[in-house]
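Labels below follow one simple rule: chain letters A, B, ... track the order of the sequence lines, proteins then strands, and each chain is numbered from 1.
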Amino acid sequence: MKRTFFIILLFIFSIVCAQQVKFEVQWYPQAQFAGYIMALEKGFFKQNGLEVELIFSDGSDEPLQKMKDGDIDFCSAWLSAALKKCESSNRLVNIYQVLQKSSLMFVAKKSSNITKPADFNGKRIGLWGGDFVLQPTAFFRKYDIDYEKIPQSYNIDGFLVGAWEVASAMYYNEYHKIYQAGVDEEELTSFFFADYGLNFPEDGIYCKLSTLQENEETVIAFVNAVQKGWQYAFQNKQETLDVVMQYCREQAMRTNRAHQKWMLDKIEEAYYYSGSENQTEPGVLPIRDYYRVAEELKEQGFLPKIPRYKSFFKRIVEWEK
Amino acid sequence: MGKVKRPILLKLLFRILLPLLLIYGLLLIFTYNKNKENALNDTKKYLKELTKYNAEKLDNEFQEIAQASYSIKNFVESTMSITDEQLFEFTKKVVMSDEDNIGLGVAFLPYKSHLEREKYAIFTRENAGKYEMSDLTQLYDYLNEDWFQIPILLQNEYWTEPFWGKASETLLMTHAVPIKEDEAIAGIAYADVSLQTVSQLTKNTNIMNGYSFIISKHGTFIHHPVARYKMNETIFSLAERFNRPFLRDLGQKMIAGESGVASYKDLQDEEKKWIVFTPITSTGWTFAAVIPEVEILASVNKAIYNQSMIMLIGLALIILIIIWVAYGISKPIRKLTDYAGEVAAGNLDLQITDIKGNDEIQRLAEDFNNMTSDLKQHINDLTETTKAKQAVESELKIARQIQESLLPRIFPPFPDKKEFDLYARNIPAKEVAGDFYDFFFLNDEKLAVIIADVSGKGISAGLFMAVTRTLLKTVLNETTKPDIATAKANFTLCQENESCMFTTMFLGIYDLQTGMLEYTNAGHNEPFIISKAGQEKKLVTSNDIALGIMENYNYHYQTIQLEKSDTLVLYTDGVTEATSPQEELFGEERMLQVLQNSSEYKLSELTDKLTRKLQTFQADNQFDDITMLFLRRNY
């Protein structure tokens with residue numbers, strides 16, 4: 001009752017004067033961000049009284065830092081990245097955990113005779129930098145693997161021509177690019193970190209704690225529209241793909257529809273993922289995953305003190321079918 | 001003459017044309033398939049050659065570019081200490097010598113360059129007519145770039161996939177080759193070529209109204225008429241999007257460096273198309289040409305069309321020839337038919353003279369003429385014969401009349417003699433009968449009764465009968481003894497009896513006063529005597545032989561007493577051997593049955609009764625003469 005009243009109030013407010021909001025996601029347009037694109041395109045933000053500027057990072061800037069600096073209001077970021085930025089002053093809060101399952105994985109060709117973690121020993125392994133290295137580091141420590149690190153670029157050519165035997169890949173992206181380069185799934189061995197006790201939830205939506213405290217109604221309006229956007233994207237995939245492909249073309253992204261479809265499907269899986277450990281609803285950060293990531297960050301020296309779950313994750317919206 | 005239902009012309013057409021059409025049809029199908037196969041094979045070969053040519057053309061370009069990076073590698077490896085100026089001069093020279101707009105450079109692993117810097121990477125290119133060398137380290141960290149890292153890891157030359165060149169701000173491909181120093185890799189020498197240049201090279205490839213495309217070694221479209229495919233789609237992404245597993249298989253063959261031909265349905269318009277692909281060896285790319293099948297089949301179909309037309313003209317000519325031949329054959333036959341019709345109508349004087357040709361038909365016409373003549377002769381003969389036969393027949397009729405007039409035919413014959421009754425009848429089977437009966441008085445007391453059957457029938461039998469009858473009359477003038485009279489008559493008959501005819505005969509001499517009958521039986525059926533009480537009795541005879549057989553035969557006689565109302569029955573075998581349609585003989589039994597209670601009937605009635613019975617029995621089909629004679633003693 002209270003909520004309904006609130007939404008009506010917001011609606012009236014939105015007509016009177018729309019709130020200007022800046023929201024940055026961590027990469028170029030693709031189906032990974034379909035929910036936000038659709039929330040924008042279908043006018044869900046506007047309906048909630050928000051005038052949202054959706055910014056796509058080119059990987060050269062740090063949306064989290066920009067948000068801390070007050071340049072933007074909201075950003076999409078990995079849980080691990082956000083935790084690393086979590087100092088006691090100028091605190092960040094997770095207001096919506098979008099992807100429940102980690103899509104990061106290792107992939108190897110069966111022809112390289114790699115079928116289990118122990119087979120990684122002595123192999124060249126393509127690794128990305130930054131937050132992408134947390135899970136691999138934990139993985140190598142867990143299985144005591146001695147390997148040759150190869151700085152992997154954002155394409156899969158080196159892996160395809162055999163310059164390195166194991167590649168880092170996002171299940172929704174590079175893994176499928178390998179498939180689209182003519183390598184059948186049967187020819188590959190996949191290692192999902194989530195299957196090796198290293199499920200690090202990825203994309204979540206963050207804002208400064210101060211934003212939540214000062215403009216709670218804006219945050220609620222924003223998260224509501226985001227959730228609606230994701231639901232719409234998954235329910236209207238063809239339309240969503242049309243829009244996503246349009247965004248990709250405008251940004252001269254080198255991609256294709258079949259790939260974006262795969263990505264949308266896999267993002268959907270990660271969005272609705274509910275492992276045996278996390279009996280949670282979409283949007284909610286699972287507490288055990290949270291502490292797993294935090295512990296690993298502390299272990300690797302990125303996090304001196306683990307914040308309490310309740311101070312880090314703020315549930316803004318209820319799950320609605 | 002009715003119309004011919006199936007003329008020879010039609011038969012010839014059917015029997016020659018149908019098999020011919022069948023053979024032609026089969027031939028056409030066979031040649032079509034064969035030609036199609038040949039044309040398709042030829043086209044395949046042609047397309048293969050064409051794609052191979054295009055692929056090789058591109059390959060040469062790429063090899064030249066590779067040559068450029070190799071020349072720098074060799075230059076760097078052979079120069080102990082090298083300066084920026086030396087490098088620039090050399091790279092400039094190579095860039096200038098190359099026809100394509102290429103860029104050249106070297107890049108080293110940290111601290112591996114001659115200049116001992118941490119990072120060292122330079123790049124020379126032509127820019128607006130000027131050659132300039134830039135320092136790549138100022139632009140980005142090249143160490144993790146594919147064009148640098150991969151050839152070092154592979155320890156081999158490497159062609160990159162097209163990528164966005166940060167220095168040249170265009171889509172590039174790079175050929176890189178490791179530079180070695182004391183067997184260890186120090187860095188790489190490389191040459192860039194823009195994708196635009198590559199596209200330019202393929203632009204003018206127009207193959208049979210189709211199009212060509214190039215995919216990279218990972219299936220990415222480098223060149224394709226659909227602009228948005230370039231660098232966005234791979235052959236596998238299209239296979240995925242349009243759900244064509246076949247295309248994925250094909251793509252896998254392509255990136256495996258195979259060459260080949262395949263047909264498939266177009267992704268957009270479902271049109272059947274052919275795809276011919278050849279690898280571009282140096283880069284691991286594939287050059288492919290896509291041609292609509294209709295284009296390929298069009299040339300095949302044209303050839304088939306021409307061939308079919310020639311065949312059709314040939315067929316038409318054959319039909320004309322058949323008609324001409326059939327007409328030639330059937331014309332004399334039709335003439336012959338007309339002549340035959342005339343002959344049938346009675347014109348036997350017809351002679352065919354206008355059928356020539358020294359063939360079977362002329363022969364037939366000659367035979368026809370002969371036949372007509374023969375027929376005419378036959379008809380003449382037949383007319384003659386018929387005339388003769390008619391003459392004989394009329395004479396026979398006369399003979400019959402004569403014979404009939406010879407037999408006494410007035411009954412009662414002796415109305416004034418009350419002592420006896422007599423009745424006789426002769427029914428001849430032919431115009432002239434061989435049977436006869438006779439009776440006459442030898443004197444006042446004695447009556448001779450005769451019944452006889454001459455062997456054979458017809459005229460000769462009739463004549464023999466007349467002779468026998470006359471002879472008997474003559475001899476019975478001389479004697480009243482039946483045996484002597486018979487013997488005399490036999491003797492005379494045997495003389496000059498060349499035709500060996502003979503007569504069975506019963507001769508009885510009846511005494512009117514005493515009722516005694518003296519008789520001789522010369523091989524005739526034994527007569528019966530039927531009493532008033534109806535008892536029948538066969539006369540006992542000595543069964544002498546027939547007359548005209550043995551000249552000096554001694555005949556015998558017997559005597560029997562006729563009582564009052566006894567009836568003597570004389571008959572020939574025409575009665576007893578009368579045959580029913582069921583081949584049953586009339587026989588004595590039936591005869592005697594008819595004659596039962598004969599005393600109750602007048603003799604004329606008795607004769608009629610027996611005659612009727614015989615006619616019914618024979619169903620009016622009389623084979624032999626029937627003769628009967630009845631004599632009854634009254635008192």
Side-chain angles (χ1 to χ4, degrees), chain A residues 28 30 58-60 123-130 148-168 173-174 176-187 238 241 244-246 248-263 265, chain B residues 140-164 171 173-174 176 195 215-221 226-245 247-256 283-284 286:
Chain A
Y28 294 103
Q30 54 184 1
D58 61 1
S60 62
K123 295 288 192 297
R124 284 172 173 169
I125 298 178
L127 292 172
W128 288 315
E148 186 183 344
K149 180 189 167 184
I150 304 294
Q152 184 178 299
S153 61
Y154 289 107
N155 67 56
I156 42 143
D157 295 345
F159 170 71
L160 289 173
V161 297
W164 50 88
E165 289 95 346
V166 181
S168 296
N173 196 355
E174 285 78 13
H176 188 250
K177 280 183 175 167
I178 293 168
Y179 176 79
Q180 284 200 337
V183 184
D184 292 336
E185 287 192 86
E186 298 80 53
E187 297 176 64
Q238 291 310 319
L241 286 173
V244 169
M245 285 307 289
Q246 185 60 37
C248 290
R249 273 194 289 275
E250 280 166 13
Q251 298 271 329
M253 291 280 292
R254 284 200 257 134
T255 189
N256 60 69
R257 193 184 173 96
H259 182 59
Q260 292 304 321
K261 183 181 183 300
W262 167 275
M263 191 182 286
D265 289 342
Chain B
Y140 62 102
D141 182 7
Y142 63 90
L143 291 173
N144 294 346
E145 292 294 316
D146 281 351
W147 57 265
F148 183 79
Q149 187 171 238
I150 293 174
I152 287 173
L153 288 170
L154 293 176
Q155 304 191 22
N156 207 341
E157 63 173 330
Y158 176 71
W159 272 102
T160 66
E161 291 283 287
F163 66 100
W164 184 254
L171 276 170
M173 302 160 40
T174 297
L195 202 61
I215 59 165
S216 77
K217 61 177 171 283
H218 298 149
T220 307
F221 285 102
V226 181
R228 67 173 192 283
Y229 283 3
K230 273 193 247 179
M231 299 309 296
N232 285 323
E233 299 280 358
T234 71
I235 191 163
F236 307 105
S237 73
L238 289 183
E240 185 183 353
R241 179 165 174 202
F242 293 100
N243 194 18
R244 296 285 179 91
L247 201 58
R248 187 172 174 86
D249 292 346
L250 196 68
Q252 284 171 338
K253 278 184 190 150
M254 288 178 181
I255 61 172
T283 51
T286 298

Original post:
Between B:Phe236 and A:Tyr179, which heavy-atom pair has the shortest distance, and what is it?
Top reply: CB-O, 4.1 Å

Original post:
Between B:Thr234 and A:Gln180, is there a donor-acceptor pair closer than 3.5 Å when you use the side chain of the first and the backbone of the second?
Top reply: yes

Original post:
Do B:Gln149 side-chain atoms and A:Pro151 backbone N/O form a donor-acceptor pair below 3.5 Å?
Top reply: yes

Subject >> Side-chain heavy-atom pair A:Tyr154, B:Asp146 within 4.5 angstrom cut-off >> reply: no

Subject >> Side chain / backbone / both / neither for B:Leu171 at chain A, heavy atoms under 4.5 Å >> reply: side chain

Original post:
Most heavy-atom pairs under 4.5 angstrom with chain B, which of A:Lys177, A:His176, A:Lys261, A:Met253?
Top reply: A:His176

Original post:
Is any side-chain heavy atom of B:Gln252 closer than 4.5 Å to a side-chain heavy atom of A:Asp184?
Top reply: yes

Original post:
By a 4.5 Å heavy-atom criterion (distance strictly below it), what part of B:Lys230 contacts chain A: side chain, backbone, both, or neither?
Top reply: neither

Subject >> Rounded distance (nearest 0.5 Å) linking atom CE of B:Met231 with atom CZ of A:Arg254 >> reply: 4.0 Å

Original post:
Can you say whether B:Tyr158 sits under 4.5 Å from chain A via the side chain, the backbone, both, or neither, judging by heavy atoms?
Top reply: side chain

Original post:
Is the number of heavy atoms from other residues, nucleotides or ligands under 6.0 Å of B:Arg228 CZ greater than 12?
Top reply: no

**OP:** Would you sort out whether B:Glu240 and A:Asn256 count as a side-chain hydrogen bond (donor to acceptor under 3.5 Å, both in side chains), showing the intermediate values?
**Re:** CA-CA 11 Å; B:Glu240 185 183 353; A:Asn256 60 69; over 6 Å; no

Original post:
Can you tell which of A:Val183, A:Asn155, A:Val161 has the highest number of heavy-atom pairs within less than 4.5 Å of chain B?
Top reply: A:Val161

Original post:
Where do B:Ser237 and A:Ala258 come nearest, in terms of heavy atoms and distance?
Top reply: O-CB, 3.6 Å

Subject >> NZ/B:Lys253: more than 12 non-hydrogen atoms of other groups inside 6.0 Å >> reply: no

Subject >> Pairwise distance CG(A:Leu160) to OG(B:Ser216) - rounded to 0.5 angstrom >> reply: 9.5 Å

**OP:** Show your reasoning for whether side-chain contact (heavy atoms from CB on, under 4.5 Å) applies to A:Trp164 and B:Ile150.
**Re:** CA-CA 9 Å; A:Trp164 50 88; B:Ile150 293 174; 4.2 Å; yes

